[in-house]
Amino acid sequence: VRVVADRGLRLRLAVAALAIALPVTAPGETASFGNRLFHEKADCQFCHGVNGDGHGDPRSAGKGSDLHATKLDRQQLIEVIRCGRPGAEMPHFDKYAFEDDSCFGLSAAQLGAQMPPEPHSTSLTLREIEALADYILTTYKGR
Amino acid sequence: MRRSDGAIRKLLLASAAAIATCPAMAGDVTPERLLNADREPQNWLMNHRTYDAQRYSPLDKINKENVGKLKLAYAVAIGGTSANENLQATPLAEDGYLYVVDQWGVVYKIDGRSGDMGLILWRMDPGQEKLPLSNRGAALWGNLVISSANYPPRIIATNKDNGKVVWETNLSDGQADLQLTAAPLAIKDKIMVGAAGGDRGVRDFIAALDGATGKVAWRKYVIPAPGEPGSETWKDKNNAWQTGGGAMWVTGSYDIATNQLIWGTGNPVPMFDATYRPGDNLYTNSVISWDPDAGKMNWYFQYTPGDHWDYDEAGTHILVDGKISGQPRKLITHSARNGFLYTMERNNGQILVVKAYLDNINWTKGIDPKTGKPLDYDPGKDIQTYAGTATPMPDSPTKKMCPGPSGGNNFWPASYSQRTKLLYIPTATPCVDLTRRPDLSNKAGDWKGGAYKQIERFESNLTVADPLTGEIKQSIHVPYPNYSGTLSTAGSLVFSGFTDGTFAAYDDTTLEQIWKINVGTGFNAPPMTFEVNGRQYIAILSGLSPIARTKHQLIPELKEQRNQTMLFVFSL
């Protein structure tokens with residue numbers, strides 16, 4: 001009986017490990033995930049426009065960039081979404097971005113008034129930031 | 001047979017008794033009822049309650065003696081189809097039924113008669129694309145609820161009883177970014193509609209629709225076409241008149257005695273680059289008197305000619321009566337976005353009183369009390385420099401401007417108490433750093449002409465002013481933005497909401513805060529009050545717009561605040 005139980009446990013552990021190793025979402029779901037983040041949860045559209053072309057709400061404080069014309073690669077997009085742009089209106093979506101020097105090698109104290117603002121919508125997890133970067137790359141960049 | 005007759009008699013008597021004890025069925029909202037809306041203290045029949053836009057209620061069952069016991073009676077979830085919704089409408093109330101409009105133009109009829117539940121009876125969903133937008137409410141006319149919807153811009157009349165659309169008018173004129181966000185205003189047989197979307201490079205207008213059919217009776221553009229009066233104030237070679245803004249995005253007022261429709265207009269576009277549009281840019285940043293029957297302009301007054309700062313004056317113009325220099329006057333008073341309180345003659349717009357209601361104004365040295373124009377306004381200049389302190393120039397494109405582009409007072413309405421004869425002005429207080437950017441003075445740049453950066457916490461004042469003298473009677477500072485507006489009541493109270501989720505009642509004489517609650521979600525809609533079955537209620541819609549939430553950038557304690565679109569109704 002003990003052997004059977006151990007085998008059952010091993011099997012469950014193996015299935016669990018496999019589930020962890022596999023992507024959580026299929027590519028289509030990632031696009032949908034990124035889409036919802038862009039247009040709803042993170043509300044990127046407020047500054048970058050519903051079509052990502054930089055034509056956001058005219059009452060937004062800055063001028064959102066045209067994501068179709070972005071030159072940033074995936075890692076750079078992730079960095080900008082995570083850290084924002086110092087001295088500009090692009091917010092930092094990683095709420096812990098400036099607690100250490102992982103963003104541009106700078107802390108909040110060093111940035112002072114140049115500190116990127118908090119998002120008006122919500123902060124995001126790294127997983128969400130990656131999905132957002134992928135969405136921008138597959139939907140807007142170069143299109 | 002006799003027994004049967006007796007049974008019928010009993011039935012009829014019982015029915016009559018039932019009818020007598022039930023609240024009156026909602027009747028048609030006739031033009032006469034709207035003209036006399038002040039005689040229905042239990043109701044709130046139009047956006048500002050009465051045509052004078054005073055937002056004063058004679059209800060006093062809730063008063064400063066008992067408001068400390070005010071509690072939530074019920075709440076109703078509104079919207080719920082997007083993560084970033086907001087509500088800006090003033091609910092309407094008739095015989096205990098509430099009519100509210102959500103961000104997507106969905107109209108709700110809510111039965112509040114029980115006093116312990118808001119039951120949604122019907123919803124009219126116009127099927128609007130869920131793009132970022134605002135909607136500031138509806139109008140009641142006849143048996144119809146008149147509301148706006150967008151994409152395309154439409155005015156919709158809904159049967160008040162069953163929620164079915166009776167007529168729908170598409171007001172699109174070919175301008176892709178035209179929007180309708182103001183609550184319509186019903187006057188006599190017509191529905192007045194102010195157009196919005198000006199900041200996106202739209203040439204805005206005011207229109208009148210036939211209430212019965214929705215047919216457009218007249219439409220007048222705020223920015224004159226070449227050759228029309230006022231076109232000489234657009235001296236550019238960019239055809240800026242075609243994209244010049246002048247939005248009429250907040251509901252106007254109406255003077256019954258003189259048949260004048262009084263409506264404020266928005267900023268010229270590009271909003272931060274006056275060099276794109278040299279000249280005074282009529283009729284932006286103005287108050288305009290219209291004949292509501294024919295759409296003829298009677299007179300206008302322009303507050304900030306050749307604006308650099310988005311000092312849009314679409315906010316409410318309140319009609320008051322009073323004595324100035326011993327003479328009884330019919331007046332209009334306006335707490336302007338540029339930081340000054342103006343009171344003018346109602347018949348012609350002549351300025352009688354002008355005083356600053358903010359103490360940090362830096363864009364001008366002051367206002368000429370005779371002309372109402374800024375002291376440093378030079379009619380000979382194509383580009384006004386004003387005081388220079390806040391005016392971005394080619395060699396110094398970034399300037400600190402006070403008040404910031406939000407004002408002062410804005411679309412969040414002031415109220416006027418008939419009890420104290422005073423104005424209660426919610427006002428933003430921060431300055432911002434503004435940078436003029438001519439590279440954004442085009443469609444690709446969203447017609448912004450510049451950008452601004454917050455440099456201090458966005459806080460607010462609640463200021464009490466006498467419209468007959470401009471004297472500031474009281475002012476309290478609140479550490480959060482007021483995007484809501486005020487409601488004054490005969491109960492010696494002033495109500496207002498804040499973006500941190502606080503809703504509060506103040507003594508209308510001392511401004512002592514007597515009662516407050518924090519509901520956890522912010523307010524950018526005005527409060528109102530109504531009565532049903534002898535009980536008074538205070539109602540307000542919650543849910544912050546993205547633009548309101550950006551005002552929290554330098555308010556760290558609110559960075560995790562969430563957003564919910566709700567109707568909250570309070571009573572004793």
Side-chain angles (χ1 to χ4, degrees), chain A residues 33 35-69 84-99 108 111-125 128 132, chain B residues 81-85 129-134 151 177 197-202 245 247 267 269-272 310 312 404-406 432-435 437 439-440 443-455 544-556 558-563:
Chain A
F33 185 28
N35 187 338
R36 282 194 294 274
L37 290 166
F38 187 89
H39 290 101
E40 295 180 16
K41 183 173 180 178
D43 203 25
C44 310
Q45 64 173 1
F46 181 62
C47 298
H48 292 282
V50 290
N51 298 315
D53 53 9
H55 296 303
D57 192 308
R59 297 165 299 174
S60 56
K63 176 71 179 80
S65 58
D66 178 358
L67 299 173
H68 298 264
R85 284 198 183 275
E89 289 303 309
M90 175 68 192
H92 64 91
F93 282 89
D94 176 357
K95 72 166 82 171
Y96 306 114
F98 293 96
E99 289 197 353
L111 278 163
Q114 301 301 305
M115 173 83 175
E118 298 282 346
H120 71 266
S121 50
T122 184
S123 56
L124 299 174
T125 64
E128 290 172 312
L132 203 43
Chain B
T81 53
S82 175
N84 289 292
E85 289 181 56
E129 165 70 296
K130 304 293 184 285
L131 295 173
L133 203 66
S134 305
Y151 311 117
D177 289 314
D199 289 346
R200 297 170 190 266
V202 167
N267 53 287
V269 176
M271 67 174 91
F272 298 128
D310 191 16
D312 168 315
S406 301
V432 306
D433 276 350
L434 171 68
T435 302
R437 287 186 53 188
D439 61 305
L440 300 181
K443 186 163 179 58
D446 293 330
W447 299 106
K448 288 181 152 191
Y452 64 89
K453 187 170 176 59
Q454 295 183 49
I455 54 174
L544 293 181
S545 68
I547 186 70
R549 279 180 287 151
T550 62
K551 306 312 179 196
H552 292 173
Q553 275 180 2
L554 300 178
I555 304 179
L558 295 182
K559 72 178 181 181
E560 294 288 5
Q561 185 198 43
R562 300 293 85 197
N563 199 46

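Letters A, B, ... are given to chains in the order of the sequence lines, protein chains preceding strands, and every chain is numbered from 1. Just the heavy atoms: all of them, side chains too, but no hydrogens, waters or symmetry mates, feed the values below.
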Check: Where on B:Leu440 is there a heavy atom nearer than 4.5 Å to chain A: the side chain, the backbone, both, or neither?
Finding: side chain
Checklist line | For B:Gly197 against B:Ala247, the heavy-atom pair lying closest together | finding: N-CB, 4.5 Å
Notebook entry, point to check: Got A:His39 and B:Lys130 here, is their nearest side-chain heavy-atom distance under 4.5 Å?
Noted result: no
Next item on the list: Check A:Phe98 against A:Met115 and note the closest heavy-atom contact, atom names and distance.
Entry: CD1-CE, 3.5 Å
Item checked: Option that, when pairs with chain A are counted at under 4.5 Å, heavy atom only, ranks first among B:Ala444, B:Ala548, B:Ala451 -> B:Ala444
Margin query: Using only non-hydrogen atoms and a strict under-4.5 angstrom cutoff, which residues of residues 46-59 of chain A touch chain B?
Written below: A:Phe46, A:Val50, A:Gly54, A:His55, A:Gly56, A:Asp57, A:Pro58, A:Arg59
Check: Between the side chain of A:Gln114 and the main-chain N/O of A:Leu111, is any donor-acceptor distance below 3.5 Å?
Finding: no
Next item on the list: Considering only heavy atoms and a distance below 4.5 Å, find which of B:Leu558, B:Asp446, B:Thr550, B:Val432 pairs most often with chain A.
Entry: B:Asp446
Next item on the list: Report yes if some heavy atom in the side chain of B:Val269 is under 4.5 Å from a heavy atom in the side chain of B:Val202; otherwise report no.
Entry: no
Notebook entry, point to check: B:Lys448 versus chain A, heavy atoms under 4.5 Å apart: side chain, backbone, both or neither?
Noted result: side chain
Notebook entry, point to check: If you tally heavy-atom pairs under 4.5 Å against chain A, which of B:Gln561, B:Lys453, B:His552 wins?
Noted result: B:Lys453
Check: Contact part of B:Glu85 toward chain A, heavy-atom cut-off under 4.5 Å: side chain, backbone, both or neither?
Finding: neither
Note to self: How close do A:Glu128 and A:Ser123 get, counting heavy atoms only, and between which atoms?
What the structure shows: OE1-O, 4.5 Å
Next item on the list: Decide yes or no for B:Trp447 and B:Met271: does some side-chain heavy atom of the first lie under 4.5 Å from some side-chain heavy atom of the second?
Entry: no
Item checked: Which portion of A:Lys63 sits near chain B, non-hydrogen atoms under 4.5 angstrom -> both
Checklist line | Heavy-atom pair with the smallest gap, counting every atom of B:Arg562 and A:Ser121 | finding: NH2-O, 3.2 Å
Check: Of the non-hydrogen atoms in A:Lys95 and A:His92, which two are nearest, and what is the gap between them?
Finding: O-CE1, 4.2 Å
